[in-house]
Amino acid sequence: MKFPAKVKIVEVGPRDGLQNENVAISAENKIRYIELLNEAGFSEIEVTSFVSPKAIPQLKDAREVFPAIQKKSGVRYPVLVPNERGMRDAIEAGVRDVSVFTAASESFAQANIHASIRESIERFKPVTQLAEANGIRVRGYISTAFGCPYEGVVAPEKVYDVCKALLDLGVAELSIGDTIGVATPNQVLEITPKVIEIAGADRVALHFHDTRGTALANILAGLSAGAAIFDSASGGAGGCPYAPGAAGNVATEDVLYMLHGMGIATGIDLDKVVLASEFLAPLLSRPLSSKYLQAALRQR
Ligand code: HMG
Ligand code: MG
């Protein structure tokens, strides 16, 4: 198997991690958590969402958190925006990178953003226009690419169609999401090369949740299929409240341990990610799932 020499990790803990934790975390603690992640050397940290506070109460303080983050030069701090309203709020807060999000299955799109896939693409048009006018980079998420909590199997062609629609809107990077952690490596080996053919390897990220323990195997499959961008959350926090049963994202520590062991560079300091997760852990109502984190803490 041939692997890339270098991989980009997009840390999504402060957004995907915190959006589904059923405890209130203060803006101050979120800012400190992001500061600790910053110290670990990520080139991209997804920090919050400018969405309806009724939909995601955990991130209702986006307007307070985003401006307070110490931005490091050369680092991207994307936020989720669902519509023009969120985009205008994000611009006002000084955001330079946003992510729009839709799905490869209709039922999930309805549950998550109250729109069909086609409607969601229409909704993104003013977002991408505003992005272009303001020099903002847009990432596009495609949820339920490997399976849907409501519909089950999702045809890969649906994923490719949504990828093309997002690229037509001017999205710079695609993130292919296994929202509920059902993917197995054969699916990753099928879908990844095709999405890379559509978008180019430098524009394709894979986003795995570890609900059924297959996330690292899926990353290995993604690497061997040419993917070099992966999303993960420190400690393995999170999930999506509109994806019943979805567990946390694959843990950044576990991904880094595997990649560094394979000689693949990330530019991220694993020990410092552990420090960020250690800060987060007591603020949550359940233990963090990262295997590496647990092993590191046992050795103290
Ligand atoms: P809606 O109810 O259809 O839209 O929601 P609406 O325009 O009628 O607005 C409803 C209410 O929200 C109104 O307030 C609006 O003002 C307000 P009310 O009049 O009821 O008081 N509103 C907003 N407030 C703040 N910021 C905004 C905004 N827009 C409307 N931007 C909508 C549609 C999309 C807005 C809503 O469903 C929503 O915000 N959904 C967010 C869902 C979400 O964030 N899900 C989690 C992220 S996706 C994910 O986790 C998957 C991912 O990780 C990848 C993967 O794993 O697959 C990315
Ligand atoms: Mg997710």
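Every number for a ligand or one of its atoms is a count from 1 in the order of the listing.
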- Message: Would Val51 count as being in polar contact with ligand 1, using the rule that some N or O on each side must be under 3.5 angstrom apart?
- Response: yes

- Among Gln110, His114, Glu46, whose heavy atom sits nearest atom 3 (O) of ligand 1? His114

- Item | Neighbour count above 12 (heavy atom, 6.0 Å) for Lys8 NZ | yes

- Query: Looking only at heavy atoms of His209, does any of them come nearer than 4.0 Å to an atom of ligand 1?
  - Reply: yes

- Check the surroundings of atom CZ in Arg88: do more than 12 heavy atoms from other residues, nucleotides or ligands lie under 6.0 Å from it? no

- Note on the structure: Looking at Glu119, Gln58, Arg85, the heavy atom closest to atom 28 (C) of ligand 1 belongs to Arg85

- Query: Is the closest N or O pair between Gln19 and ligand 1 shorter than 3.5 Å?
  - Reply: yes

- Query: Under 3.5 Å, N or O to N or O, is Phe50 touching ligand 1 that way?
  - Reply: yes

- Message: Is there a path of hydrophobic side-chain contacts, each under 4.5 Å between heavy atoms of I/L/V/M/F/W/Y residues, joining Leu216 to Leu189?
- Response: no

- Inspect the contact between Lys164 and Asp168 and indicate whether a charged nitrogen and a carboxylate oxygen are less than 4.0 angstrom apart. no

- Message: Looking at ligand 1, is there an atom of it that comes within less than 4.0 Å of some heavy atom belonging to Pro53?
- Response: yes

- Query: Going by the ring-ring contact (aromatic ring centres under 6.0 Å, His included) test, which pairs reach into residues 121-141, not counting sequence neighbours?
  - Reply: Tyr141-His207

- At under 4.0 Å between heavy atoms, which part of Leu80 makes contact with ligand 1: side chain, backbone, both or neither? side chain

- Would you check whether Asp178 has a nitrogen or oxygen atom less than 3.5 angstrom from a nitrogen or oxygen atom of ligand 1? no

- Query: Going by heavy atoms in the side chains, are Leu280 and Leu18 under 4.5 Å from each other?
  - Reply: yes

- Task: Return a yes/no value for Lys54: is any of its N or O atoms, backbone included, closer than 3.5 angstrom to an N or O of ligand 1?
- Result: yes

- Which atoms of ligand 1 are found less than 4.0 Å from any heavy atom of Arg123? 34 (C)

- Task: Measuring from the Mg ion (ligand 2), name the closest N, O or S atom belonging to Asp16.
- Result: OD2

- Query: Relative to the ring of Phe50, is the ring of Phe66 parallel (under 30°), tilted (30 to 60°) or perpendicular (over 60°)?
  - Reply: perpendicular

- Any cation-pi pair here, Lys72 with Phe42, using under 6.0 Å and within 45°? no

- Task: Determine, for Glu92 against Arg63, whether the closest basic-nitrogen to carboxylate-oxygen distance falls under 4.0 angstrom.
- Result: no

- In chain order, what residues pass the side chain to side chain contact (heavy atoms under 4.5 Å, CB included) check against Arg96, with sequence neighbours excluded? Ile136

- Query: Between the candidates Thr179, Ile56, Asp89, Asn112, which shows the shortest non-hydrogen contact distance to atom 40 (N) of ligand 1?
  - Reply: Asn112

- Note on the structure: Test salt bridge (charged side-chain N to carboxylate O under 4.0 Å, His left out), reference Asp97, set Arg15, Lys71, Arg76, output is Arg76

- Query: Is it the side chain, the backbone, both or neither of Arg15 that has a heavy atom closer than 4.0 Å to ligand 1?
  - Reply: side chain

- Message: Using a 3.5 Å cut-off on N or O atoms only, is Gly86 in polar contact with ligand 1?
- Response: yes

- Query: Pro82 heavy atoms, cut-off 4.0 Å: which ligand 1 atoms fall inside?
  - Reply: 31 (N), 34 (C)

- Note on the structure: ligand 1 to Asp16, heavy atom cutoff 4.0 Å, flagged ligand atoms 50 (O), 53 (O)

- Flag the pair Val195 / Tyr160 as yes when at least one side-chain heavy-atom distance between them is below 4.5 Å, and no otherwise. yes

- Contact atoms of ligand 1, heavy-atom distance to Ala55 under 4.0 Å: 38 (C), 39 (O), 40 (N), 41 (C)

- How does Ser143 reach ligand 1, if at all, at less than 4.0 Å between non-hydrogen atoms: by side chain, backbone, both, or neither? both

